Novice: 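Please read through the structure below; I'll follow up with questions.
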Protein chains: 2
Amino acid sequence: MNSEFTIAVHSLALLAYRPDHMATSDMIAHNVCTHPARVRKVMAMLRKQGYVAAKEGIGGGFLLNCNPDEVTLAEMYRLTSMGSVKPGWCSGDEEQDCMIACNMATVMDHIFSGAEKQLIDYFGQWTIRDVLEQVRKEQQSK
Amino acid sequence: MNSEFTIAVHSLALLAYRPDHMATSDMIAHNVCTHPARVRKVMAMLRKQGYVAAKEGIGGGFLLNCNPDEVTLAEMYRLTSMGSVKPGWCSGDEEQDCMIACNMATVMDHIFSGAEKQLIDYFGQWTIRDVLEQVRKEQQSK
DNA sequence: CTTACTGTTATTATATTGATTACAGTTAGA
DNA sequence: TCTAACTGTAATCAATATAATAACAGTAAG
């Protein structure tokens, strides 16, 4: 799993939480605990898909541009981490005589595709609002 | 996802496919396309759980010691890749004042645990036999 | 007692990931 | 119009994770 997924979810939750629904990359980076440039990279993806708006120049930053009740983690997964279930390394070798060696890569590919579908279904059940709610519950339970 | 999962599944399928249900680490490594030492490492895990038996010395190798109809990919996942859904990198910082920063790591942790459960459920639907069947189908479709 | 195996650890090479730097472009406000 | 505070983006460096390889002890068949 790509950790840009985590950054995207965290950033949207933070924007949804803030009263003005706005924050600079410095503020987000500090909250998330990473480098502002990394945040800007992830936010650029979110901006291109319309989840946030970016304002350059003084007083600028990122503004939430979606409904946290409707945006699911599945969308964030697709945006940031699609394909990450399948390992980079593949077994087998198309050139061999053995039926197993020849076809295992393709079969594992199918299996990993199915696994990713399952994962996306699961993430589809979580909205940004749900994440915020969980954060609140976690806070209260202290 | 850990690619040792792939090696474990491929190796069991290969053993199940071979008439004598036996192969050396060299043979498996060649079939899988990796180094024999890596195969031995994975097979040692399978042996400790009783999925295969190992015979040392001349004429030795690994022998299938389980029913391919019953062993599922979920077991292979647990054995080789448990925890791999959650990225190594975590956002947030317990020390901060912000409710989001403080609790996001815990919440994401819950979310990734749920995701892994989903994945394991899915892998539980696949047996080694199913993998072999898929390989056969793939071969026929050429 | 030699040869062909497994078991295991250590080391090295490679790939992936994240941090950091750098700088161009933008905009508000003095 | 100039400056300061932003984003956008690419390039580079550092850290980490992954896979390959080497090495060698232990074991068993012939």
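Since we're looking at a predicted model, the values are computed, not measured. Every chain is numbered from 1 and lettered A, B, ... according to where its sequence line falls, protein lines coming before strand lines.
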Novice: For Asn103(A), does its backbone N or O pair with a side-chain atom of Gln139(B) as donor and acceptor, under 3.5 Å?
Specialist: no
Novice: So which residues get pulled into Met27(A)'s cluster when ILVMFWY side chains under 4.5 Å apart are joined, directly or through others?
Specialist: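 When side chains under 4.5 Å apart are linked, Met27(A) ends up in no cluster with other residues.
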Novice: For residues 20-30 of chain B, which residue pairs pass the salt bridge (Lys or Arg N to Asp or Glu O under 4.0 Å) check, not counting sequence neighbours?
Specialist: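 Salt bridge (Lys or Arg N to Asp or Glu O under 4.0 Å) check on residues 20-30 of chain B returns Arg18(B)-Asp20(B).
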Novice: Could you tell me which residues satisfy side-chain contact (heavy atoms from CB on, under 4.5 Å) with Ala44(B), sequence neighbours excluded, listed by chain and number?
Specialist: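 If we apply the side-chain contact (heavy atoms from CB on, under 4.5 Å) test to Ala44(B), skipping adjacent residues, there are no hits.
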Novice: Anything under 3.5 Å between a donor and an acceptor, one on a side chain of residues 121-133 of chain A, the other on a protein residue two or more places apart or in another chain? List them.
Specialist:
| from | atom 1 | to | atom 2 | distance (Å) |
| --- | --- | --- | --- | --- |
| Tyr122(A) | OH | Trp126(A) | NE1 | 3.3 |
| Tyr122(A) | OH | Ile111(B) | O | 2.8 |
| Thr127(A) | OG1 | Arg129(A) | N | 3.3 |
| Thr127(A) | OG1 | Asp130(A) | N | 3.0 |
| Thr127(A) | OG1 | Asp130(A) | OD2 | 3.2 |
| Arg129(A) | NE | Asp69(A) | OD1 | 2.5 |
| Arg129(A) | NH2 | Asp69(A) | OD1 | 3.2 |
| Asp130(A) | OD2 | Thr127(A) | N | 2.9 |
| Glu133(A) | OE2 | Arg136(A) | NH1 | 3.2 |

Novice: Verify, without hydrogens or angle tests, whether Glu116(A) (side chain) and Met82(A) (backbone) share a donor-acceptor contact under 3.5 angstrom.
Specialist: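 Side chain of Glu116(A) to backbone of Met82(A): no pair is present.
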Novice: Could you walk me through whether Thr72(B) and Tyr77(B) pass the side-chain hydrogen bond (donor to acceptor under 3.5 Å, both in side chains) check?
Specialist: CA-CA 9 Å; Thr72(B) 71; Tyr77(B) 178 86; over 6 Å; no
Novice: Would you please name every residue forming a side chain to side chain donor-acceptor pair (under 3.5 Å) with Thr106(B), sequence neighbours left out?
Specialist: none
Novice: Sorted by first residue and then second, give each salt bridge (Lys or Arg N to Asp or Glu O under 4.0 Å) pair with at least one member in residues 82-111 of chain B; sequence neighbours left out.
Specialist: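 Those involving residues 82-111 of chain B are Lys86(B)-Asp109(B).
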Novice: Contact list please: residues 46-66 of chain B against DNA chain D, heavy atoms, distance less than 4.0 Å, in numerical order.
Specialist: Glu56(B), Gly57(B), Ile58(B)
Novice: Under 4.0 Å from any heavy atom of chain B: name the first and the last nucleotide of DNA chain C that qualifies, 5' to 3'.
Specialist: dT3(C) to dA19(C)
Novice: So does Trp89(B) get a side-chain nitrogen or oxygen closer than 4.0 Å to the phosphate oxygens (OP1/OP2) of dA15(D)?
Specialist: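 The answer is no; no side-chain N or O of Trp89(B) sits under 4.0 Å from OP1 or OP2.
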Novice: Where along residues 27-45 of chain A does a heavy atom fall under 4.0 Å from DNA chain C?
Specialist: Thr34(A), His35(A), Ala37(A), Arg38(A), Arg40(A)
Novice: Write down the distance between CE (Met1(B)) and P (dT18(D)), rounded to a whole number of angstrom.
Specialist: 12 Å
Novice: Can you give the donor-acceptor pairs under 3.5 Å from side chains of residues 1-12 of chain B to other protein atoms, not counting sequence neighbours?
Specialist:
| from | atom 1 | to | atom 2 | distance (Å) |
| --- | --- | --- | --- | --- |
| Asn2(B) | OD1 | Glu4(B) | N | 2.8 |
| Asn2(B) | ND2 | Thr80(B) | O | 3.0 |
| Ser3(B) | OG | Arg38(B) | NH2 | 2.9 |
| Glu4(B) | OE2 | Lys41(B) | NZ | 3.1 |
| His10(B) | ND1 | Ser91(A) | OG | 2.7 |
| His10(B) | NE2 | Asn31(B) | OD1 | 2.8 |
| Ser11(B) | OG | Ile7(B) | O | 2.7 |

Novice: Do any of residues 10-23 of chain A sit with a heavy atom less than 4.0 Å from DNA chain C, and if so which?
Specialist: none
Novice: Quick one: closest heavy-atom pair of Val107(A) and Glu138(B), and the distance?
Specialist: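 Closest approach of Val107(A) to Glu138(B), heavy atoms only: CG2-CB, 4.4 Å.
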Novice: Evaluate whether atom NE2 of His30(A) has more than 12 neighbouring non-hydrogen atoms of other residues, nucleotides or ligands under 6.0 angstrom away.
Specialist: no
Novice: Would you be so kind as to tabulate the donor-acceptor pairs closer than 3.5 Å made by side chains of residues 45-64 of chain B, with sequence neighbours excluded?
Specialist:
| from | atom 1 | to | atom 2 | distance (Å) |
| --- | --- | --- | --- | --- |
| Tyr51(B) | OH | Glu75(B) | OE1 | 2.5 |

